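First up is the structure itself, then whatever we jot down about it.
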Amino acid sequence: MAEIVRMPKMSDTMVEGVIASWLVKVGDNVKSGDILAEVETDKATMELESYDDGTILHLGVKEKEAVKIDGVIAIIGKKGENIDELLKSSTETKSAPKEDDQPAENESTPTKTIDTSNINASLVTMPKMSDTMTEGVIANWMKKVGDDVKSGDILAEVETDKATMELEAYDDGKLLFIGVKAGSSVPIDGVIAIIGEEGADYQKLIEAHDAVSKQDNQPVSETKSEEAPPKIEPKVEPKLNGTPTSDGRLIASPLAKRLASDLGYDISKIPGTGEGGRIIKRDVESYAPVASTPETVTTTDQSGASIQLPAIVGEEAFEDIQLSQMRKTIARRLSESKFTSPHFYLTMEINMDKAIEARISLNEISPVKISFNDLVLKATAAALRMHPNVNVSWQDDTLRYNKHIHIGVAVAVEEGLLVPVVRFADNKSLSHISAEVKELATKAGNKQLQPSDWEGNTFTISNLGMFGIEEFTAIINPPDACILAIGGIKQTPIVKDGQVVPGNVMKVTLSCDHRAVDGAVGAAFLKTLKGLLEDPVRILI
């Protein structure tokens, strides 16, 4: 029997994925474990494996299109198998929540939607953990009602038809509800537990889930169906010069758009010879723009003399680029941080003369080249060890004092910003830190970071000094309470022993969450950091 392949949740913050590229096509035979596609999440590009053997009967998503979690991606089954009913049921399920699409006389369909938008809690449902799994058995609960849960914690051990596996939490909060006793079975998508804010009305979540489940499982015979008349697509003649579709988009391949932009062509004037008038690469390559003769405009000055002005020909243009998953997540997380955490900022100047000398000496013997960023990271870790009240995380009801020091290093990549983590930074040598940061930056640029590389930070550093930025403020990277913004080193006059002499000064700005860190606490931390960098031998002790 044919099986639907749905978009899995590949990271803790993922809400949708983009099919970066298909590695199979309709008609291909696949085995369990074969790679079907590369999926771009908000943090990395990952491979999507098949859990079934069979033939690719349907691909429901084009390359570069986004799919919500649990959205239909493909269908795998026996060659020649009829999948019309399967496609129809998946389409009906997707459109079920839209009341306007239901016939008015359909009395069996609920007309009232339960609003759960203001409930700070989320359901934990039984995932499909194997290709043949239809239900799972809770072998053992690792948490109990009332326990605090963090993303990544093990909630329970689940026995499938093939193995006993661990069920992880994807949300932070309290375990408010356990819906299944140990030893009981649960069908796929059945409610197992609820995690959320203490006191949340989670019963309404259960009611909403049950209502949707009943609607999805309702027999077809009980619902009056109105089949819409077949949609007649207008015939599009080839060689359309930039004729837009009904939604205003030009039909052109991404490669054709990029090539036209590089060549300076107006793509709306290029005839399309692809399917449905689509502009493709060969259309751009064969296009010969018509040369125009510059015109002149005649005007007169105050004395009445004639002046010839060349006519300036310009064209207003723009291009809307679909946001990447990474950029969407950056926007969401930074907005949450900025508008939730009350930020305040502390700026200090640090004399880097001795740090410059120390770096030169260190690089004479170091197996890897040590950068100023590595020196700052090491000094920051040492300062955090002396000021544990800065190495904290706001937890709403509690303030977490982290006894370990994991420093996130902001790395700019083509599509945004990633923050890989140097773990136990206070225990590592400068050469160790330098090599690790270089490796993490390379993996970030190649989209090879794994969740273990970017999770668990307790403090973050963002350095824009290499771009000539003297001073800036950074937005706190949750769950940290602070982030340190590093500016460039600038030669400037300083007063030393009563004399004005040239010095090398670096400005740093500490952004603090005022709920967790007070001004005096942040200032004391910066004073220690300044002392360590102005006398870097102390870092090595």
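Since the model is a prediction, treat every value here as computed from it, not as a measurement.
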Inset, instruction - Begin from the C-alpha positions of E38 and I19 and carry the test side-chain contact (heavy atoms from CB on, under 4.5 Å) through to its verdict. - result: CA-CA 6 Å; E38 292 180 338; I19 301 297; over 6 Å; no

Inset, instruction - Using the side-chain contact (heavy atoms from CB on, under 4.5 Å) rule, take F424 and I405 through it: C-alpha gap first, then chi angles, then the decisive distance, then the call. - result: CA-CA 5 Å; F424 306 106; I405 296 174; over 6 Å; no

Inset, instruction - Given side-chain contact (heavy atoms from CB on, under 4.5 Å), test L440 with L449 step by step and report yes or no. - result: CA-CA 7 Å; L440 289 170; L449 290 176; 4.2 Å; yes

Legend entry - Pair S434-D374, side chain to side chain donor-acceptor pair (under 3.5 Å): steps then yes or no: CA-CA 6 Å; S434 178; D374 301 328; 3.1 Å; yes

Inset, instruction - Would you sort out whether L418 and K447 count as a side-chain contact (heavy atoms from CB on, under 4.5 Å), showing the intermediate values? - result: CA-CA 10 Å; L418 291 174; K447 291 189 175 182; over 6 Å; no

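The main-chain N or O of Q448 is never found under 3.5 Å from a side-chain atom of N446 such that the two would form a donor-acceptor pair. Distance alone, capped at 3.5 Å, places no donor-acceptor pair between the K78 side chain and the T55 backbone. Side-chain atoms of K428 come within 3.5 Å of backbone N or O of R423 as a donor-acceptor pair. No side-chain donor-acceptor contact under 3.5 Å links E336 to the backbone of R333. Here the side chain of E436 pairs no donor or acceptor atom with the backbone of V422 at under 3.5 angstrom. Without hydrogens or angle criteria, W454 side chain to G408 main chain gives no donor-acceptor distance under 3.5 Å.
Checked against side-chain contact (heavy atoms from CB on, under 4.5 Å), N463 has the following partners two or more places apart in sequence or in another chain: N373, M466, I486. K369 pairs by the side-chain contact (heavy atoms from CB on, under 4.5 Å) definition with R359, N363, not counting sequence neighbours.
The distance from the NE2 atom of H432 to the CD1 atom of I370 is 12.5 Å, given to the nearest 0.5 Å. The distance from the OH atom of Y265 to the CD atom of E285 is 10.0 Å, given to the nearest 0.5 Å. The distance from the CG atom of D480 to the OG atom of S341 is 10.0 Å, given to the nearest 0.5 Å. Remark: S462 OG to L417 CG distance equals 6.5 Å, nearest 0.5 Å. Note that CG of D513 and CD1 of I476 are 5.0 Å apart. Values are rounded to the nearest 0.5 Å. The CZ atom of F177 lies 11.0 Å from the CD1 atom of I192; values are rounded to the nearest 0.5 Å.
No side-chain heavy atom of V186 sits less than 4.5 Å from a side-chain heavy atom of V137. A heavy-atom distance below 4.5 Å is found between the side chains of I475 and H343. V124 has its side chain within reach of L167: a pair of non-hydrogen atoms, C-beta onward, lies under 4.5 Å apart. Considering only heavy atoms from C-beta on, P271 comes within 4.5 Å of Y287 through its side chain. With a 4.5 Å cut-off on side-chain heavy atoms, N457 and N477 count as touching. The shortest distance between side-chain heavy atoms of T125 and I188 does not fall below 4.5 Å. Looking only at side-chain heavy atoms (C-beta outward), V284 and I270 come within less than 4.5 Å of each other. For the pair P127/D189, no side-chain contact is recorded, criterion being any heavy-atom separation below 4.5 Å from C-beta on.
Side-chain contact, S50 with D52: no donor N or O sits under 3.5 Å from an acceptor N or O. For the 3.5 Å distance criterion, the side chains of N402 and S393 qualify, holding a donor opposite an acceptor. For the 3.5 Å distance criterion, the side chains of D171 and S122 qualify, holding a donor opposite an acceptor. Judged by distance alone, the side chains of K438 and T442 never bring a donor and an acceptor atom under 3.5 Å apart. Side chain to side chain, S21 and E63 fail the donor-acceptor criterion of an N or O pair below 3.5 Å.
The side-chain contact (heavy atoms from CB on, under 4.5 Å) test with I76 singles out one residue from V5, L57, I83, N29, and that residue is V5.
With respect to the salt-bridge test (charged N to carboxylate O, under 4.0 angstrom), the residues D148 and K174 qualify. Under 4.0 Å is where a charged nitrogen must lie from a carboxylate oxygen, and between D153 and K150 no such pair does.
Across all non-hydrogen atoms, the minimal contact from A425 to L377 is CB-CD2, 3.8 Å. When all heavy atoms of A331 and S335 are compared, the pair lying nearest together is O-OG, 2.7 Å. Contact detail for V180 and W141: the closest heavy-atom pair is O-NE1, 2.7 Å. Nearest approach of L155 to V149, heavy atoms of both residues: CD2-CG1, 3.9 Å. Scanning all heavy atoms of the two residues, the minimum distance from T458 to H404 falls at CG2-NE2, 3.6 Å. The heavy-atom pair separating M126 from I138 by the smallest distance is CE-CD1, 4.1 Å.
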